[in-house]
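Order of listing sets the numbers, starting from 1, for every ligand and every atom in it.
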Amino acid sequence: MNATGQIPDSSNSARPALDNDRIRGDFPILHQSINGCPLAYLDNAASSQRPRQVLDAIQHYYCHDHSNVHRGVHTLSHRATEAYEGAREKVRKFINARSVTEIVFTRGTTDAINLVADSLGRDFSADDEILISHMEHHSNIVPWQLLCEKTGAQLKVAPINRQGELLLDDCLALMSDKTRLVAIAHVSNALGTINPVERLIPAARDRNIPVLVDGAQAIPHQAIDVQALDCDFYAFSSHKMCGPTGIGVLYGKQQWLERMPPYQGGGDMILSVSFEQTLYNELPYRFEAGTPNIAGAIGLGAAIDYLDTIGMASIAAYEADLLTYATSAISELPGIRLIGTAAEKAGVISFNVDDIHPHDLGTVLDHQGVAIRTGHHCAMPVMEFFGIPGTARASLAFYNNRQDIDQLVEGLKLAIRMFQ
Ligand code: C6P
């Protein structure tokens, strides 16, 4: 899409190679009827679906290998530990981190960001500032507001334009000696905008400011190389990348994690405990207090294996083509207003239709078997910027196809007829 929201005609262009039929066969949940219609699942930004390979890995673990990790001398505990740490290595390789010591398992993106806010932010003061953007998810706003309440630090917000793009120069101008952290979404969940983190991070680096990238909506759609990005922290959730819920990752550069105090105390995060003194464990265990989500990590590892067999480059190319097709088809409908028309976009299409409430659109679509999300998408400041209560949002994954989009468009036509 270009900056004005015009979609080039791609109907005759060669379609990227990805065996969509075979891939769809891996996802049992897709093969069902909803309200008498085939399911068109277009709510992937909220949570993706899991292939059989991930379900099998979790079942195999519970049927054969389950025990607690890092604790037992018996065979099952060894197996569980090996599988759990094997998953950590898969994550390391997937994002090209230097070392597994930089991979902390969390409950998800929200938990990862809260970890950084609680731990890195512990010595922030009233002289300090945290810089975010106007398009952040609440998970990358509220933890910083809580930190500001606790420490007196100030939250600065970089502006966006009417296309939903970050105003990079304004963002850079907000960086100062007071800025202790920049925290920014790689991809906006409400708009689909891909932020120019490759340009923002070096600029922050020049000013010695660490950067946390909220990668929740980027990691399912493109290859991520944290060393090439040179970000200080990268947070993401497994459930948006075909893995289980309740598990996610905080990547943190070793130099930062080493300096950060633990944020939760308990088992496994210690080397020794006495009433006089407790010695904390090494990285990354220092940040993983208590019995972790072992099956979740193993499922995430299986999801990574699965994505690797398809290839993130193929996924990105396939989804870009589908996004162009979908945006073009939706744009042609009467009364459509696209919210988020950035030049660089991932597979999210947010829109409104005349004054039809997004929830009404979502309900009519559900009756047609089409699952989308409606509302503010946990990004209320974005909605306020555009002067709307919410949007209808269709979000894509590599297992979607043009039939899903056609079903969405037919459902929207019906809704438009009903509410006219
Ligand atoms: N966005 C959506 O429908 P958790 O809930 O911790 O897995 O992810 C939080 C989160 C953080 N940042 C971004 C950019 C996100 O999109 C999300 C989750 C979902 O858009 C659920 S609200």
So, do His221 and His186 have ring centers that fall under 6.0 Å from each other?
no
Verify the distance criterion only: is there a donor paired with an acceptor across the side chains of Tyr84 and His70 at less than 3.5 Å?
no
Name the orientation class of the two ring planes belonging to Phe398 and Tyr306 (parallel below 30°, tilted from 30 to 60°, perpendicular beyond 60°).
tilted
Looking at Phe385, I'd like to know if the NZ or CZ of Arg162 sits under 6.0 Å from its six-membered ring centre while staying within 45 degrees of the ring's axis.
yes
Is it the case that the side chain of Ser237 and the backbone of Lys240 share a donor-acceptor pair, with hydrogens and angles ignored and the cut-off at 3.5 Å?
no
What I want to check is whether the side chains of Asp214 and Tyr234 have a donor and an acceptor closer together than 3.5 Å.
no
Using heavy atoms and a cut-off under 4.0 Å, could you grab the residues that are in contact with ligand 1, chain by chain, numbers ascending?
Ala45, Ala46, Thr109, Thr110, His137, Ser139, Asn189, Asp214, Ala216, Gln217, Ser237, His239, Lys240, Arg373, Cys378, Arg393
